[in-house]
Protein chains: 2
Amino acid sequence: MTTTTDNILKRNQLSVTDSRKKILELFTANDGALAHSDIEKKTGEKFDRVTIYRTLQTFVEKGIIHTIPTVDNSVLYALCKMDCTEGHHHDNHVHFVCDNCNVTYCLDDVVTPKVNLPDGFKPKVMDVVVSGICKNC
Amino acid sequence: MTTTTDNILKRNQLSVTDSRKKILELFTANDGALAHSDIEKKTGEKFDRVTIYRTLQTFVEKGIIHTIPTVDNSVLYALCKMDCTEGHHHDNHVHFVCDNCNVTYCLDDVVTPKVNLPDGFKPKVMDVVVSGICKNC
DNA sequence: TAGTTTTTGCAACTGGGTTGCAACACCTAT
DNA sequence: ATAGGTGTTGCAACCCAGTTGCAAAAACTA
């Protein structure tokens, strides 16, 4: 039998392993972003720290997930909803961090707004992180 | 004799020490943001790592400098141009990272734009980081 | 199912950042 | 100007996130 996560893995030329399936499932089941520690907890410490690091790394390289810049300088990962290809991300969407429940959301439908930069500055990529209260709080 | 940096320190009820003066001078002389390692290098490794960490920490607490979220998850510090007071920052301005020279600028005059969030999301603070080519490249 | 390739888990390491504490520099009041 | 108390520095030791090398164990291929 071939599940959805299996397909995603195969589509990206990745061999289908237990850890990759479980970690990918976590992302598809969750609509918020996940930190390394979240994954460690939610898998019940079943996998080695190193395995989780390497899995996340390959997922990022393949464009399956992307990293989110945070204010407190931790690394968060979230599914790429748009069709990201290897080496080229379309993650120019807005991220939202809830001050209350501390969950980070990718607001894929919210496009980043235009800003007027001073003379001589040529913009290419724009990262927007909004914090406040989320829809579930 | 009383210099500008001395005044800033005194205004914030900080005793005027060698390390604080030198580090603060670096910020006033530089219009880009600085990382811990930059300061270590530019002071010629004259001060202990710990001293630099603690100095930056107290500067942040006093509202003299603020931290900037980065994509590669390093910590950057920049002078607060607006009048930030202890515990209350007005750093809702845009940050610009140059892809070429790798310098980060605080564009204090560029106000963060409005974004339309989905129903239920209530925004409070907004962080905007633009990357591209800066005015000097 | 055997052989090759890829992935995993362990151990050891690195590097950023923090903490405790004694020595020292700074400020104040005399 | 200086003696004393307070705040700051530097060192050593530590903690934690993330990385690397390598042998064992899976996953793919034919």
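Note that the structure is predicted; figures quoted are calculated from it, not measured. Proteins come first, then strands; the chains are lettered A, B, ... in the order of their sequence lines, and each starts at number 1.
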* To do: Starting from P on D:dC16, measure out to OH on B:Y53 and report it in whole angstrom.
  => 16 Å
* Sequence neighbours excluded, which residues qualify as side-chain hydrogen bond (donor to acceptor under 3.5 Å, both in side chains) partners of A:T5? -> A:T3
* Working to the nearest 0.5 Å, report the span between CD1 of B:I64 and OG1 of B:T28. => 11.5 Å
* Asked: Sequence neighbours excluded, which residues qualify as side-chain hydrogen bond (donor to acceptor under 3.5 Å, both in side chains) partners of B:N30?
  -> none
* For atom CD1 of A:I52 and atom C1' of D:dT19, their distance in whole Å -> 15 Å
* Could you tell me the separation between the NZ atom of A:K46 and the P atom of D:dA26, rounded to a whole number of Å? => 12 Å
* Structure fact -> Rounded to whole Å, the NZ-P distance (A:K21 to C:dT7) equals 15 Å
* Find the distance A:L56:CG to D:dT19:P and express it as a whole number of Å. => 10 Å
* Which ILVMFWY residues are connected to A:I133, directly or by a chain of links, through side-chain heavy atoms under 4.5 Å apart? -> none
* Asked: Is A:L34 reachable from A:V97 through a run of I, L, V, M, F, W or Y residues, each pair having side-chain heavy atoms under 4.5 Å apart?
  -> no
* Given that A:S19 and B:Q57 both sit by DNA chain C, which one's nearest nucleotide is further toward the 5' end? -> A:S19
* Between the first and last five pairs of the helix from C:dT1-D:dA30 to C:dC26-D:dG5, the angle of the axes, rounded to 10 degrees -> 40°
Identify each donor-acceptor pair in which a side-chain atom of residues 110-126 of chain A lies under 3.5 Å from a protein atom, sequence neighbours left out, and give them as a table.
none

* Among pairs that include at least one residue of residues 27-38 of chain A, which meet salt bridge (Lys or Arg N to Asp or Glu O under 4.0 Å), considering only residues two or more places apart or in two chains? -> A:D31-A:K135
* Calculate the interatomic distance between B:L9 atom CG and D:dT8 atom P; express it in whole Å. => 11 Å
* For B:N136, side-chain hydrogen bond (donor to acceptor under 3.5 Å, both in side chains) partners two or more places apart -> B:Y105
* How long is the line joining CZ of B:F59 and C1' of D:dG7, in whole Å? -> 14 Å
Show the distances under 3.5 angstrom between N or O atoms of the protein and N or O atoms of nucleotides 10-15 of chain C.
none

Extract all donor-acceptor atom pairs below 3.5 Å that involve side chains of residues 39-48 of chain A and protein atoms in other chains or at least two apart in sequence.
from  : atom 1 : to    : atom 2 : distance (Å)
A:E40 : OE1    : A:H36 : ND1    : 3.3
A:T43 : OG1    : A:I39 : O      : 2.7
A:T43 : OG1    : A:E40 : O      : 3.3
A:K46 : NZ     : A:D18 : OD2    : 3.2
A:D48 : OD2    : A:V50 : N      : 2.9

* To do: Report the distance from atom CG of A:N12 to atom P of C:dT6, rounded to the nearest whole Å.
  => 16 Å
* Supply the members, apart from B:Y53, of the Ile/Leu/Val/Met/Phe/Trp/Tyr cluster built from side-chain contacts under 4.5 Å; use none for a lone residue. => none
Please write out each protein N/O paired with an N/O of nucleotides 22-30 of chain C under 3.5 Å, distance rounded to 0.1 Å.
from   : atom 1 : to    : atom 2 : distance (Å)
C:dC27 : OP1    : B:V16 : N      : 2.5

* **Co-members of the apolar cluster containing B:I68 [side chain, <4.5 Å]** => B:L76
